[in-house]
Amino acid sequence: METLKNKLDAFDGQPEQGWNKRKSISVGERGQVYRANFSQEYLSAVYAIDGGIIKDDNIVKCDKLVLLDLDNQMLFELFVELKGGNIQHAIEQVEATLNNPLFKDSAVKIRQARIIGRKIPSNTGNSITEKAKIKFMSRYNCRLEFKTGPAVENIKI
């Protein structure tokens, strides 16, 4: 059975940032930047989903996938959407990507997503961001976080 890494690596120009051992990784687009710092070095790569792996403008998708190989048997997926302002659309983009069969693999043990925006709605306990966090965890086993960009985060795996 073909692995997720092999499927994604087969796309022309992918990965955008090649497989390498790193302790941090940065992605950016349209003036937004996100940096993830890890507690140790992991073999990792960054894939451009929008315009890279999925070129069709009619398919809703997020911007990037950071993929970490934790031990040759387990993968960590971190989907990233870099947004100006429309957070509702960003949620829809990440959700559509999570639903895409291309990104499903039994080796994926941890799945998270980040939406980086210029302005994130306040947490009122019933905001679109809070509803999305609950939905992503229950439906996709995916921890969703929202950050105001530029964003730097320490991720514990």
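What's counted below: heavy atoms across the whole structure, side chains too, no hydrogens, waters or symmetry copies. Note that the coordinates shown come from a computational prediction; the quantities given were computed from them, not determined experimentally.
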*Search all heavy atoms of Ile25 against all heavy atoms of Ser44 and return the closest pair with its distance.*
CD1-OG, 3.9 Å

*Can you name the side chain to side chain contact (heavy atoms under 4.5 Å, CB included) partners of Glu92, sequence neighbours left out?*
Gln88, His89

*asked:* Could you work out, with side chain to side chain contact (heavy atoms under 4.5 Å, CB included) as the rule, every residue matching Lys21, not counting sequence neighbours?
replied: Glu41, Leu43

*Listed by chain and number, what are the ring-ring contact (aromatic ring centres under 6.0 Å, His included) partners of Phe146, not counting sequence neighbours?*
none

*Considering residues at least two apart in sequence or located in another chain, which fulfil the side chain to side chain donor-acceptor pair (under 3.5 Å) criterion with Asp9?*
Trp19, Tyr47

_Phe38: which residues meet the ring-ring contact (aromatic ring centres under 6.0 Å, His included) condition with it, sequence neighbours left out?_
none

_Among residues at least two apart in sequence or on other chains, which ones pass ring-ring contact (aromatic ring centres under 6.0 Å, His included) with Tyr140?_
Phe136

*Could you list the residues that satisfy side chain to side chain contact (heavy atoms under 4.5 Å, CB included) with Ala96, not counting sequence neighbours?*
Val60

*Return yes if some donor-acceptor pair links the side-chain N/O of Glu77 with the main-chain N/O of Leu98 below 3.5 Å, else return no.*
no

*Go through the structure and list residues passing salt bridge (charged side-chain N to carboxylate O under 4.0 Å, His left out) with Lys64, not counting sequence neighbours.*
Glu16, Glu29

*Can you sort out the partners of Lys109 under salt bridge (charged side-chain N to carboxylate O under 4.0 Å, His left out), two or more places apart, ordered by chain and number?*
none

*asked:* So, using salt bridge (charged side-chain N to carboxylate O under 4.0 Å, His left out) as the criterion, who are the partners of Arg22 when residues are at least two apart?
replied: none

*Pairing residues for Lys135 by the side chain to side chain contact (heavy atoms under 4.5 Å, CB included) criterion, not counting sequence neighbours*: Glu95, Arg139

*salt bridge (Lys or Arg N to Asp or Glu O under 4.0 Å): which pairs involve residues 46-55, sequence neighbours left out?*
Asp50-Lys61

_Residue among Glu81, Glu153, Glu145 satisfying salt bridge (charged side-chain N to carboxylate O under 4.0 Å, His left out) with Arg114_ = Glu153

